[in-house]
Amino acid sequence: MNTILIVAAKEFRDGLRNRWVLAITLVFAFLAVGISYFGAAASGSVGFTSLATTIVSLASLAIFLIPLIALLLSYDTVVGEEEQGTLLLLLTYPLTPAQLLIGKFVGHAAILAVSTLVGFGGAGLLIGILSGEMANAELWHAFGFFILSAILLGWCFIAIAQLISVLVGEKSRAAGLALIAWFWFVLVFDLLLLGILVMGEGRSGGQWLSWLLLLNPTDVFRLANLAGFEAVREYTGLAAIATGPLFRPYALAAILVVWIAVPLSLAVWRFRRKVV
Amino acid sequence: MTAIVEFIELGKRFGSVQALQQLTLSVQAGEIIGLLGHNGAGKTTSMKLILGLIRPSEGQIRVMGVAPSLELGREHRRRIGFLPENVRFYEQLSGREVLRYFARLKGAAVSQTGQLLEQVGLAAAADRRVRTYSKGMRQRLGLAQALLGEPRLLMLDEPTAGLDPAATREFYSTLDELRGRGTTVLLSSHVLPGIEGHVDRAAILGGGRLLAFGSLDALRARAALPLTIRVRGQWSSLGWTERIGATGMSVRLINPQHLEFTGPESVKLTALRLLMDVQGLQDVDVFPPSLDALYAHFNRESAGEKVS
């Protein structure tokens with residue numbers, strides 16, 4: 001356990017040093033404030049709109065941005081050390097491959113969690129104050145859940161990036177694969193589902209489709225935020241698709257946790273086989 | 001005496017390449033062993049097997065009594081220090097930060113790092129980023145990390161590669177210090193001069209096989225390689241060379257002032273006594289068979305075996 005924390009602390013300090021933490025925090029903060037301020041531009045005015053609309057727009061944007069940032073942060077976890085020539089030496093130290101990989105995951109996860117919390121959280125406070133919604137507890141619950149699920153979404157993609165980093169032997173290939181993973185989860189997957197839906201002309205019914213959505217962490221995140229809270233629900237038309245006990249926010253958050261655990265376990269398994 | 005490292009008919013194959021075969025040798029506690037051989041002779045593979053980075057294809061290996069593996073407990077693995085060939089570090093960290101990170105991982109006292117940096121001569125550059133280090137400085141940092149936690153077994157893969165002569169001397173004095181502490185050291189090298197006098201025994205590897213293993217003196221005696229005596233002087237005739245030739249040494253005239261005799265070590269003293277009486281002699285140099293020659297000899301010997 002201690003070994004994992006030593007590795008994690010080093011990764012986190014690296015993140016502070018090369019300004020990853022700062023950069024991600026600023027991007028998230030500007031994004032949130034910007035969306036809130038210009039969100040109402042379509043209806044002819046600018047100014048801070050309510051937190052509820054902000055969450056809806058922010059969630060849609062986060063789906064593009066968070067996976068990209070997480071993949072960028074972690075795609076070279078193992079292959080980077082390998083190319084740098086430090087992996088061989090590290091493995092001769094008293095730490096197991098699993099401890100090394102999990103330590104790096106914890107470090108990267110902390111970088112993303114701190115940035116998300118400070119970036120979105122700070123912006124949320126500002127918007128709340130400026131739009132006069134400080135007293136609305138349900139909204140804060142929804143916004144808190146948005147931050148939590150955003151962190152979980154980021155961790156999913158860190159785990160996926162780590163899996164990529166142990167599958168390939170070169171950094172450039174890892175970068176390519178990471179890009180493909182991003183395309184698949186963020187763009188292609190939904191297009192395919194839409195295509196199936198249109199070709200079936202709605203005959204096949206909506207229920208199995210909503211189950212298919214669970215196969216993509218970005219869709220799980222979307223469902224959890226857009227369809228989850230009464231305060232947000234009224235702004236979206238999505239709520240009707242996914243209903244049932246599994247489609248409550250915290251159940252969906254638990255599914256995101258599965259989406260972290262599975263790629264990470266695969267990465268550990270693959271890494272151990274690779275080196276031992 | 002207890003064996004720290006034991007290879008029993010060890011073999012390692014990478015695909016169709018037989019990197020090591022039928023390797024049997026044991027290293028006793030406190031010994032300094034030189035692993036000698038060309039690139040591809042199996043030196044690095046042997047070290048990786050000892051570290052548990054790779055598993056043997058055939059035979060057995062025991063390190064401090066157990067089969068090495070990456071999953072072994074901390075207590076076993078923290079007693080081993082390793083300096084890989086062409087060691088690399090985190091470029092964006094300073095030397096001190098790198099060493100501290102490794103100290104924490106190894107469970108060694110972080111306070112030890114300052115003294116180690118001093119010992120390898122990096123104290124002045126400790127707070128500069130590794131990015132700015134020269135090859136020799138990286139090598140010194142590599143040595144410092146290998147020494148973390150006072151290991152019982154130290155493995156150094158080409159430790160003097162990239163070091164200038166002064167740093168190489170310092171390295172060998174560190175080695176002698178370690179010998180005093182009872183550390184077992186395995187040292188690989190393909191650069192043979194310099195290593196003599198610092199290793200207790202040498203294992204000569206070639207083509208993945210152990211060609212010879214023993215003290216340098218024993219290896220010399222076994223190879224029975226000729227020694228060389230070079231002389232310089234002013235003489236009117238070369239009649240005296242016949243007397244030396246009679247001892248069994250052959251003569252080669254480099255130029256009228258320089259001659260070279262080669263022959264068996266057994267007649268060295270007889271030949272030298274005769275030389276002392278030669279009129280006009282100005283200088284004598286004696287060259288025992290170098291490690292290079294020994295090495296070439298055992299390689300030839302094994303090549304001969306293959307043919308026959």
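Chain naming here is simple, since letters A, B, ... match the order of the sequence lines and numbering starts at 1 in each.
The number of heavy-atom neighbours closer than 6.0 Å to CZ of B:F14, taken from other residues, nucleotides and ligands shown, is above 12. Counting heavy-atom neighbours within 6.0 Å of B:R128 CZ, excluding the residue itself, gives a total above 12.
Between the CZ atom in B:R100 and the NZ atom in A:K10 there is a gap of 15.0 Å [rounded to 0.5 Å]. Taking CG of B:N86 as the reference point, atom CG of A:L88 lies at 11.0 Å (rounded to 0.5 Å). Taken to the nearest 0.5 Å, the OG1 atom of A:T86 stands 9.5 Å off from the CD atom of B:E91.
Ranked by non-hydrogen atom pairs under 4.5 Å with chain A, the options B:R104, B:R78, B:Q145 are led by B:Q145. Your options are A:N18, A:D14, A:L95, and the one with the most heavy-atom pairs under 4.5 Å with chain B is A:L95. Heavy-atom pairs under 4.5 Å with chain A peak, among B:L105, B:L148, B:L93, at B:L105. Highest contact tally toward chain B, considering only A:R13, A:E81, A:R17, is held by A:R17 [criterion: heavy-atom pairs under 4.5 Å].
For B:F102 against A:L90, the heavy-atom pair with the smallest separation is CE2-CD2, 3.8 Å. Between B:R77 and A:Y93, the closest heavy-atom pair is NH2-O, 2.6 Å. Summarising the geometry of B:F89 relative to A:Q84, their closest heavy-atom pair is O-NE2, 3.7 Å, with the distance given to 0.1 Å.
Looking only at side-chain heavy atoms (C-beta outward), A:T92 and B:I80 stay at 4.5 Å or farther from each other.
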